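Working notes for the structure below.
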Number of protein chains: 2
Amino acid sequence: MSVNPLRPRASGRVTLADVARVAGVSPITVSRALRGERAVAPELVAKVKEAAARLGYVPDPAARALASRSGTHVAVLIPLLSNALFVDLIDAAQGVLRAAGFQMLIGVTNYREGEEEQLLREQLPHRPAGLIVTGLQQNRATRALIEASGVPCVHAMDIAPDKGVHSVGFSQQEAGAAMTRHLLGRGRRRIAFAAAQLDPRTISRQEGWRLEMERAGLYAPSLEWLNASPSSLALGAAMFEQIVSVRPAVDAIFFNNDDLAQGALLAALRMGIEVPRQIAIAGFNDLTGSDQMVPPLTTVRTPRREIGESAARMLLTLMRGGLPERACVDVGFELVVRASS
Amino acid sequence: MSVNPLRPRASGRVTLADVARVAGVSPITVSRALRGERAVAPELVAKVKEAAARLGYVPDPAARALASRSGTHVAVLIPLLSNALFVDLIDAAQGVLRAAGFQMLIGVTNYREGEEEQLLREQLPHRPAGLIVTGLQQNRATRALIEASGVPCVHAMDIAPDKGVHSVGFSQQEAGAAMTRHLLGRGRRRIAFAAAQLDPRTISRQEGWRLEMERAGLYAPSLEWLNASPSSLALGAAMFEQIVSVRPAVDAIFFNNDDLAQGALLAALRMGIEVPRQIAIAGFNDLTGSDQMVPPLTTVRTPRREIGESAARMLLTLMRGGLPERACVDVGFELVVRASS
DNA sequence: CTGAAAGCGCTTACAG
DNA sequence: CTGAAAGCGCTTACAG
């Protein structure tokens, strides 16, 4: 049992002090050299880095968080893990954040009222270095919490051009309008809007649809089919069956999410209804499988990975005390026209 | 600017010491009373809790982690976020862990060689209170890391009845065998096994299929269709087209994951091949939409939420220093026979 | 059952 | 450019 002189502490863990001893400098100099903070003589930096590497030094995040009052992790709040949309978002953000040395803590609200606020109250004591939240519709208390914490925060998925917040996303309303214009351009007149979940982004898309329908003089409340249940293929199938039976004159349905539209296409198949000859179907998000449907689904491709990356990068800038080029990044969207319309 | 006597610290944060002062006890007593550790006089506990509530005291996780050498979070390592299987797993585990006051940190390996080890090297310095990893096939270095860290660890998805590890899952091989027996029972003879990703659990299922086929005297290497690409509907469609064109005599295909099988069903629809009359299709996992397919998909329902919850509960026991009733929990699986077979 | 002391491993704020 | 001191807010280990 010989004691390795390079690892003097019996506790096992190599600390800053160990590195300092080996490098022949003070602990604070090691701290500064390793973080690249303030000016440290280049030769000392080299000596410190070599010593740290030799000892296999890994900084203790808990000690760092306690001393600096800011952790090395970012908290990300999303509504759902069961929607590929948000999974893509966090997966992309994760990549950027991790490369920069930040951990990511995921909070899921399940679209529950007050859950975002509750999660924040649990998260904030952990001193996250940054925050990414979904959408712009935080309640009063949540906004106050964020503000008071002083933790940099980026809003993902939607954009707020004027407000004093940082956001990355695209105009949900404009996307809803674009799909509606496409269907109108194909000669469809009685275009139903069918949605589930009814989150703020859904409502924005509905607004886009409604404005275009009104402009075309075709809007009617009976074309709106809203269901607050979670989105799913089964629900889409059920909504499709209901719409075609109650309103046989409807000649197109714009579903608010691809899973609904996929379910509708499968229901049409079962019912022997020809798409798009008898009725056009459109979706939203371009989820997995939409290109494989029979017929392939017309939809709006939403660049959620790009949103995740861009939001993470913006947050990185804010966490480093910098100012992002723009406080609001519009990544746009893409109409994907396939055979279902 | 009057100073609130209940919040003496200018820094804003309410600390243990503040609570101790108000309750008229020492800080360590507050610590013990709040954690329910060791015996503290009931009346003191009440006084402390009241003071803590009045001051709105929230323990600082960083300070606690530094002092106790153990964090208040659990690290969970999964292969992919884009597979609903793992999302369900962590979502369920999250619920149990959060209710017990633990945060959850998610690491994604993307099935990359060595990535699990790398993630662990990043995570362990954060002193997680516990670990949940996917499967049982960790490499040597990874197992050594876990062992040396002393952090309690539960393996999810597969089971290890004999080994000295803690596991929650079901027998992947037995599930593969059960589906194969079902297809054989329906009179199918040339049952192909089609798989993507080829992770250890896929290989186990293949083993189950192969053993049953051999027992029936029907095994042939030409029935194995393995593709290391990620699983997707598009890949399932492509594999289906290839199999029926190269081996027209195949009368059933057992796909290793539902997304492949869903893609195959849609491809059959496009090609005008009748399922199950001309060929039977079976999947695995019972993912969203499988019951909506045309025809609905026969599959194996895997209780991943139950696995997540059970693994989290077992870990909770271990983290509290207890010994779980059983080191290996088999949650089983369920054959779901629908019209596609 | 309760507490005074020491310490976890860093960084901040102040000097020089 | 470098460092000695103090402190972040808890818990451990030792007494009594």
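These numbers come from a predicted model, not from an experiment. Because only heavy atoms are used, hydrogens play no part in the values below, and waters and symmetry mates are left out as well, while side chains stay in. In what follows, chains are A, B, ... by sequence order, proteins preceding strands, each numbered from 1.
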(request) Could you please name the option among D:dC10, D:dT11, C:dT11 that lies closest to any side-chain atom of B:I28? (result) D:dT11
(request) Mind listing the closest non-hydrogen atom pair of B:F102 and B:H73 along with its distance? (result) CD2-N, 4.1 Å
(request) Please determine if a side-chain N or O atom of A:S26 lies less than 4.0 Å away from the OP1 or OP2 oxygen of D:dG3. (result) yes
(request) Considering only NZ, NE, NH1 and NH2 on the basic side and carboxylate oxygens on the acidic side, decide whether B:E117 and B:R121 come within less than 4.0 Å. (result) yes
(message) Is it the case that atom CD in A:E43 sees more than 12 heavy atoms from other parts of the structure closer than 6.0 Å?
(response) yes
(message) Side chain of A:A67, heavy atoms from C-beta onward: which of D:dT2, D:dC10, C:dC10 has the nearest atom to it?
(response) C:dC10
(message) If I take atom CG in residue B:D60 and atom P in nucleotide D:dC8, what distance separates them, rounded to the nearest angstrom?
(response) 11 Å
(request) For B:L16 and C:dT2, give me the distance from atom CG to atom P, rounded to whole Å. (result) 16 Å
(request) Specify the separation, in whole Å, of atom CG of A:L44 and atom C1' of D:dG3. (result) 12 Å
(request) Please state how far atom CG in A:D18 lies from atom C1' in C:dG9, giving the value in whole angstrom units. (result) 10 Å
(message) Just N and O in the side chain of B:R64: are any of them under 4.0 Å from OP1 or OP2 of D:dT11?
(response) yes
(message) Testing the basics here: between B:L55 and B:V22, what is the closest heavy-atom pair and its distance to 0.1 Å?
(response) CD1-CG2, 3.8 Å
(request) Ignoring backbone atoms, establish whether B:S31 has a side-chain N or O less than 4.0 Å from OP1 or OP2 of D:dC10. (result) no
(message) Applying the Watson-Crick and G-U wobble criteria at under 3.5 Å, what pairs with C:dG3? Answer none if nothing qualifies.
(response) D:dC14
(request) Provide, to the nearest angstrom, the distance between the CZ atom belonging to A:R127 and the P atom belonging to D:dC8. (result) 11 Å
(request) Give the rounded distance in Å between these two atoms: NZ of A:K47 and P of D:dC1. (result) 16 Å
(request) Grab the CG-P distance between B:L66 and D:dC8 for me, whole Å please. (result) 13 Å
(request) Could you tell me whether the phosphate oxygens of C:dT12, OP1 or OP2, come under 4.0 Å of any side-chain nitrogen or oxygen in A:R35? (result) yes
(message) For a quick test of reading the model: is some side-chain N or O of B:T29 closer than 4.0 Å to OP1 or OP2 of C:dG3?
(response) yes
(request) Send over the distance from A:R69 CZ to C:dG9 C1', rounded to a whole Å. (result) 14 Å
(request) Flag the pair A:E115 and B:R98 as a salt bridge only when some basic side-chain nitrogen lies within less than 4.0 angstrom of an acidic carboxylate oxygen. (result) yes
(message) What's the closest nucleotide to the side chain of A:S68 if the choices are C:dT12, D:dC8, D:dC1?
(response) C:dT12
(request) Using heavy atoms to find the nearest nucleotide of DNA chain C for B:P42 and B:A63 separately, return the residue whose nucleotide is more 5′. (result) B:P42
